[in-house]
Number of protein chains: 2
Amino acid sequence: MSVPLYQAKAEMFRTLGHPVRIRVLELLQNGPRPVRDLLAEIDVEASNLSQQLAVLRRAGIVTSFRDGTLVMYALSTTDVADLLAAGRRILGAVLTDRDGLLVELRAQK
Amino acid sequence: MSVPLYQAKAEMFRTLGHPVRIRVLELLQNGPRPVRDLLAEIDVEASNLSQQLAVLRRAGIVTSFRDGTLVMYALSTTDVADLLAAGRRILGAVLTDRDGLLVELRAQK
DNA sequence: TTCGAAGCTGCAGAAATCTTCAACTCCCTC
DNA sequence: GAGGGAGTTGAAGATTTCTGCAGCTTCGAA
């Protein structure tokens, strides 16, 4: 497997590694949305949101198009939903483990 | 949904956002491996690999245990394989799109 | 008990990423 | 065609992450 491929994969994941960007992707799972909607739900400055959207756009994870006065964003592929779901599962497993340890720790005392 | 949850998800993905860490996880998909094996395959300094393994350990994505003179690492949950697979699919979709554009661009000239 | 192999950790300089501000573009509507 | 709403962009300072070095611990063998 070529070395740059790991680079590409890592960049893919890193692109998702930001709370605002995760939030955007979760909102876009329900279909295309205008920036103004995202802005209304995400509590971040407009310019900051734009920056994060640009990161997702450059990575090819979302696409954007203008609809009259609004700019719409959409997931570029539905596979993104799978990725987020897999992430949730891992987080669940990890947190369960930790809670398990926590319980164990308490019982131990 | 609680705000810190986005933080946790983002951290999860960011943890995967490094070429060496991706490489490690892919190698661990085939079962537990000693550090020396990883080191033999990954072309990185030992201390650097240790740092990256520590990142994965802290995130709860891998676990480690000592086996005599060696330290073994393993995935903490098999869900990680799903995540990597989903990542590969997205990368495939994105690159295909780009190649499509590239072809289009050439045809256009 | 001393030595070497296998890893880990602390740290510091280098590099990448974040956030915010100011300025800018586009497209309606009047 | 002037004004304003909706977003984007560029840049700079602040923060975070990465990398490599030096030194340390642990375990097994001699």
Side-chain angles (χ1 to χ4, degrees), chain A residues 3-4 6-25 27-28 31-76, chain B residues 3-4 6-25 27-28 31-76:
Chain A
V3 173
Y6 293 118
Q7 194 67 38
K9 289 179 184 177
E11 274 167 25
M12 242 279 295
F13 284 114
R14 186 177 312 181
T15 299
L16 305 189
H18 188 289
V20 169
R21 297 196 295 257
I22 287 284
R23 191 89 170 82
V24 165
L25 294 179
L27 290 169
L28 293 185
R33 296 269 224 137
V35 173
R36 60 158 27 178
D37 277 21
L38 301 175
L39 198 51
E41 303 219 40
I42 302 186
D43 191 37
V44 71
E45 298 221 348
S47 65
N48 194 338
L49 179 59
S50 255
Q51 296 279 6
Q52 308 309 334
L53 288 173
V55 171
L56 292 171
R57 233 185 308 121
R58 265 180 250 124
I61 292 175
V62 305
T63 58
S64 68
F65 55 96
R66 189 173 269 277
D67 177 15
T69 183
L70 302 179
V71 175
M72 308 285 296
Y73 276 83
L75 296 185
S76 68
Chain B
V3 174
Y6 294 115
Q7 193 67 39
K9 290 178 185 178
E11 275 168 23
M12 240 280 295
F13 284 113
R14 184 177 312 182
T15 298
L16 305 189
H18 187 289
V20 169
R21 297 196 294 258
I22 288 284
R23 192 88 172 82
V24 166
L25 294 178
L27 290 170
L28 294 185
R33 297 269 226 136
V35 174
R36 58 160 25 180
D37 276 22
L38 302 175
L39 197 52
E41 302 220 39
I42 302 185
D43 191 37
V44 71
E45 297 225 346
S47 66
N48 194 337
L49 179 58
S50 255
Q51 297 277 8
Q52 308 309 335
L53 288 172
V55 171
L56 291 171
R57 233 186 308 121
R58 266 181 248 124
I61 293 175
V62 304
T63 58
S64 67
F65 55 95
R66 188 174 269 278
D67 177 15
T69 182
L70 302 180
V71 175
M72 307 286 295
Y73 276 83
L75 296 185
S76 68

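Values reported hereafter were calculated over all heavy atoms of this structure, with side chains retained and with hydrogens, waters and symmetry mates removed. In what follows, chains carry the letters A, B, and so on, assigned in the order in which the sequence lines appear, proteins first and then strands, with residues in each chain numbered from 1.
Here D:dT19 is the nucleotide among D:dT8, D:dT9, D:dT19 with the atom lying nearest to any side-chain atom of B:Gln52. Counting only heavy atoms from C-beta on, B:Glu45 has its side chain closest to D:dG20 among C:dC21, D:dG20, C:dT9. The side chain of A:Val71 has D:dT8 as its nearest neighbour among D:dT8, D:dG20, C:dC8. Among the nucleotides C:dG7, C:dT17, C:dC18, the one closest to any side-chain atom of A:Arg21 is C:dC18. In the set D:dT8, D:dG28, C:dG7, the nucleotide with an atom closest to the side chain of A:Ser50 is D:dT8. Comparing C:dG7, D:dT8, C:dC8 by their closest approach to the side chain of B:Leu53 singles out C:dC8.
The shortest distance between the side-chain N/O atoms of A:Arg57 and the OP1/OP2 oxygens of D:dT9 is below 4.0 Å. In terms of phosphate contacts, A:Arg66 brings no side-chain nitrogen or oxygen within less than 4.0 Å of OP1 or OP2 of C:dC26.
Rounded to whole Å, the distance from CG on B:Asp37 to C1' on C:dA5 is 15 Å. Atom P of nucleotide D:dC18 and atom CG of B:Leu56 are separated by 11 Å, given to the nearest angstrom. Between A:Glu11 atom CD and D:dC18 atom P there is a gap of 13 Å when expressed in whole angstrom units.
When side chains are defined from C-beta on, A:Leu56 counts as touching A:Thr15, because their heavy atoms get closer than 4.5 Å. Side-chain contact between A:Leu25 and A:Val62 is present, with at least one heavy-atom pair separated by less than 4.5 Å. Side-chain contact between A:Leu38 and A:Leu53 is present, with heavy atoms from C-beta onward closer than 4.5 Å. The shortest distance between side-chain heavy atoms of B:Tyr73 and B:Val24 does not fall below 4.5 Å.
If you check every strand for non-hydrogen atoms under 4.0 Å, B:Asn48 touches sugar and phosphate atoms only.
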Are there any protein N/O atoms within less than 3.5 Å of an N/O atom in nucleotides 10-13 of chain D, and if so, which ones and at what distance?
from	atom 1	to	atom 2	distance (Å)
D:dG10	O6	A:Gln51	NE2	3.0
D:dA11	N6	A:Gln51	NE2	3.3

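Taking every heavy atom of both residues into account, A:Pro19 and B:Gln7 meet most closely at CG-OE1, 3.5 Å.
Residue pairs that meet the salt bridge (charged side-chain N to carboxylate O under 4.0 Å, His left out) test with at least one member in residues 37-66 of chain B, sequence neighbours left out, are B:Arg33-B:Asp37, B:Arg33-B:Glu41.
In this view, B:Gln52 and B:Arg21, B:Asn48 satisfy the side-chain hydrogen bond (donor to acceptor under 3.5 Å, both in side chains) rule, not counting sequence neighbours.
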